[in-house]
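Working notes for the structure below.
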Amino acid sequence: MTLPTTSHWGAYGVRRREDGSVAVLPHPDDPDPSPLLGNVAGALAHPTRVAAPAVRRGWLEGGPGPSDRRGAEEFVEVGWDEALDRLAAELARVRDRYGNEAVYGGSYGWASAGRFHHAQSQLHRFLAMFGGYTGSRNSYSLGTSLVLLPHLVGDAEEVLRSASTWQTIEDATELIVAFGGIPAKNVHVVPGGVTRHRTPSRLAALAASGVRVALVSPIRDDLPEELDATWYPIVPATDVTLMLGLAHTLLAEDLHDRRFLDRYCTGFETFEHYLLGRADGVVKDAAWAAALCGIPASAIAALARRMAASRTLVTVTWSLQRIQHGEQPVWAGLALAAMLGQIGLPGGGFGHGYGSMGDVGDDGPRLRLPRMPSVPNPVRTFIPVARIADMLLHPGESYRYDGTTRTYPDIRLVHWAGGNPFHHHQDLNRLRRAFARPDTIVVHEPYWTATARQADIVLPVTTTLEREDLGSGRRDSHLIAMHRAVEPLGRARDDYAILAALAVRLGFGDRFTEGRTAREWIEHLYASWRGDGRPSFARFWADGELELPPGPRRLTLFERFRADPEGAPLGTPSGRIEIASATVAGFGLADCPGHPAWLEPGEWLGAPAAARHPLHLIANQPATRLHSQLDVGETSQAGKVAGREPLTLHPDDASARGITAGALVRVFNDRGACLAGAVLSERLRPGVVQLATGAWYDPSGSLCVHGNPNVLTADVPTSQLSQGCTGQHALVEVEPYAGDPPPLTVLRPPSIRSL
């Protein structure tokens, strides 16, 4: 019997074998199943599963308090009652002594694809009923754009969730200028699930239709090989200079659409003055750009002319805003598209995130999906999500965010469910110091990740295959009945059961559960969403899925605004596209002026720091897993080199350092170092190295022996506007590793003792 379920990388079926293992079968309607399904079966009962509640010995014996022994001491397994009694008492102590603001509800991460067993929703609902908590805003992936885009076009969600569809691009686009490319490795993933992976076939259709692509990236593999592409191997972190050089060419050769700029935009005069050097004495022409970005001036001018002569879509990947001054490539890309005058026309305009996520450009259903009801948080304090180490290290200090001045709270208890900050945060050695500051850290986890190892109380939670749920992504073609395939491992419980038991101990159990079991909640969510014409829950559950009505195949971003700018204005102060923003200018931020600008980051190949660390590291998303999820799975492990995460170097850079393919290397800078396995390729620009994120952090001093690049990235914000993540880039040096490396420890649990 095959049982249905889904994941962020695809719907699939599970068949139980007699020996207790499972076989994973792609959904029969999926034309291009994700290779990430290969991680599921082997990880289900992996030795790194958390089998029972565990408490760090120092916390168990000495009580709560700051400690630099987190991550170093053994754990003691305890019973559920003892673990929950101790945690309930500690939550009450912190609340009563320091106030609810002293509790940080971390819970940032993908966790389960299920609509009910969504770790963030469950934990935040619990903490809100507890009296509130300090929360976070935005995301590591898009923290910059989520703050910036409302100032430019009134609504970030419209750009991110209502992008022009692939069918529209196939029908009408002649040229795609892809800053950061359209990385095919990312398109198998959608938050909440995807049943039919259609983006790969859409990219193939683009190739067949003859759409040309200008790939602007230091990595050739950021675009599928079959697309008709001209590769512009740009110096990393200089995309803005190329955009400005293109914009200046359009302006100087009168190729820009002045009518569109006058009617649909505001602030172009400010940008024009900047391009012409009237603001700072520097003309941003193609020659100026070429000296910085490494693309010849003649190629820049020729590309600008092609763009003006074609129906052109300017796209910017999400990765380009994960860098210091990450607002600027998004803003400059939008300004460049506006100068072409094609925003709102089929096949032209601006896009943000094609290739960054599987649902960008998808024409799937546009429906409200079942979800847990939220509870307002009584505590108004929050931080931008990527500023957690700053918050823990500097309580009481002020910082700027989106035009306001805020203060970091004094956090005494961190409660984390459904995420792994020791994967996605920057400068992990600094984060370790920050995690030593709170009195208590509690983590819900199925696996002994680095975050679990840094905790005081670790509560074992079930995986997707060990519970029931509903699953569907933002553009998914199906709602999936997620059946339980296997019994929970050890003493694992789902987050809902854990939090319900805590709520009982803290006096609000009935309010939290509303008298429902997990299964009754799932039925209730379905019934509340069902509407007319949809089958009963019993029928849906027996069928295993419900196909949803498709969305429009042809959709153009900002089409209504283009047709009627007065009747359908944008949500900006002017109602138009703000190429220059008086609001942002009014914030007076030196690191984010009121118009697109080239602001030199602290780390790029033109910076003084490159004299000591002359290679530019790109820490992009992995092809073998989702972030750090299931790094112990077979697909992820098969991608390792010398047992470590692969580091790709150009052969010239490898030869200059005496590095051969397959060799173990040390990647380092002043923040830390990691080990990696060398892979040589001419498909990236010389001077650039690539190391994917997501290898489980395995520290030995300041060295990660497994290859997590976030020991190398800087924990600094994009700017004072958005305080976004800058984890995409770092300057490093690489050398062969001599001697016997420290052993890997992440593939086995930490030291655990039973009472």
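Residue numbers run from 1 in the order of the sequence given.
Between E445 and T449 there is a side-chain heavy-atom pair separated by less than 4.5 Å. For the pair L393/Y408, no side-chain contact is recorded, criterion being any heavy-atom separation below 4.5 Å from C-beta on. Within the 4.5 Å cutoff, no side-chain heavy atoms of R453 are placed close to those of R70. In this structure, the side chains of P446 and R49 come closer than 4.5 Å at one or more pairs of heavy atoms.
Ion pairing between a basic and an acidic side chain is recognised when a charged N comes within 4.0 Å of a carboxylate O; R625 and E645 show such pairing. The pair D390-R430 meets the salt-bridge criterion, with a side-chain N (NZ, NE, NH1 or NH2) lying under 4.0 Å from an Asp/Glu carboxylate O.
A cation-pi geometry, defined here as NZ or CZ lying under 6.0 Å from the six-membered ring centre and within 45° of its normal, does not hold between R57 and F75. Judged by the 6.0 Å distance and 45° axis criteria, R412 is positioned over the aromatic ring of Y98.
Here the closest heavy-atom approach between residue A92 and residue L506 is recorded as CB-CD2, 4.2 Å. In plain terms, the two heavy atoms of N377 and A128 that are nearest each other are CA-CB, 4.2 Å. The two residues D631 and A695 come nearest to each other via the heavy atoms OD2-CA, 3.5 Å. Pairing each heavy atom of A43 with each of Y447, the nearest pair is O-OH, 2.8 Å. Y401 approaches P384 most closely through the heavy-atom pair CD1-CG, 3.6 Å. Minimum heavy-atom separation, I498 to P460: CD1-O, 4.1 Å.
By the 30° and 60° cut-offs, the orientation of the rings of F512 relative to F126 is perpendicular. Relative orientation of the F422 and F435 rings is perpendicular, given thresholds of 30° and 60° on the angle between their planes. Ring orientation note: the planes of H424 and Y140 are tilted relative to one another, at an angle of 30° to 60°.
For H423 and Y697, the distance between ring centers is not under 6.0 angstrom.
To the nearest 0.5 Å, the span separating CD on Q454 from CZ on R56 amounts to 10.0 Å. Remark: T648 OG1 to L691 CG distance equals 8.5 Å, nearest 0.5 Å.
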CA sep, side-chain torsions, deciding dist, call: V442, D456, side-chain contact (heavy atoms from CB on, under 4.5 Å)
CA-CA 6 Å; V442 56; D456 300 308; over 6 Å; no
Could you walk me through whether V189 and L36 pass side-chain contact (heavy atoms from CB on, under 4.5 Å), step by step?
CA-CA 9 Å; V189 173; L36 303 189; 4.2 Å; yes
Using the side-chain contact (heavy atoms from CB on, under 4.5 Å) rule, take M372 and R115 through it: C-alpha gap first, then chi angles, then the decisive distance, then the call.
CA-CA 7 Å; M372 279 293 289; R115 307 297 299 177; over 6 Å; no
Please test L160 against H352 for side-chain contact (heavy atoms from CB on, under 4.5 Å), starting from the C-alpha separation and ending with a verdict.
CA-CA 6 Å; L160 299 172; H352 188 28; 3.8 Å; yes
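The closest side-chain donor-acceptor pair between T451 and N420 falls under 3.5 angstrom.
For the pair D410 (side chain) and P395 (backbone), a donor-acceptor distance under 3.5 Å is absent. Remark: side-chain polar atoms of N39 are paired, donor with acceptor, to backbone N or O of T624 under 3.5 angstrom.
Just one residue in the list R387, R432, R433 forms a salt bridge (charged side-chain N to carboxylate O under 4.0 Å, His left out) with D715, and that residue is R387.
In this structure, Y104 has no side-chain hydrogen bond (donor to acceptor under 3.5 Å, both in side chains) partners at least two apart in sequence or on a different chain.
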Donor-acceptor contacts, no H, no angles, side chain residues 615-623, under 3.5 Å, sequence neighbours left out:
unit_1 : atom_1 : unit_2 : atom_2 : d
H616   : NE2    : H729   : ND1    : 2.6
N620   : OD1    : Q690   : NE2    : 2.8
Q621   : OE1    : H627   : ND1    : 3.0

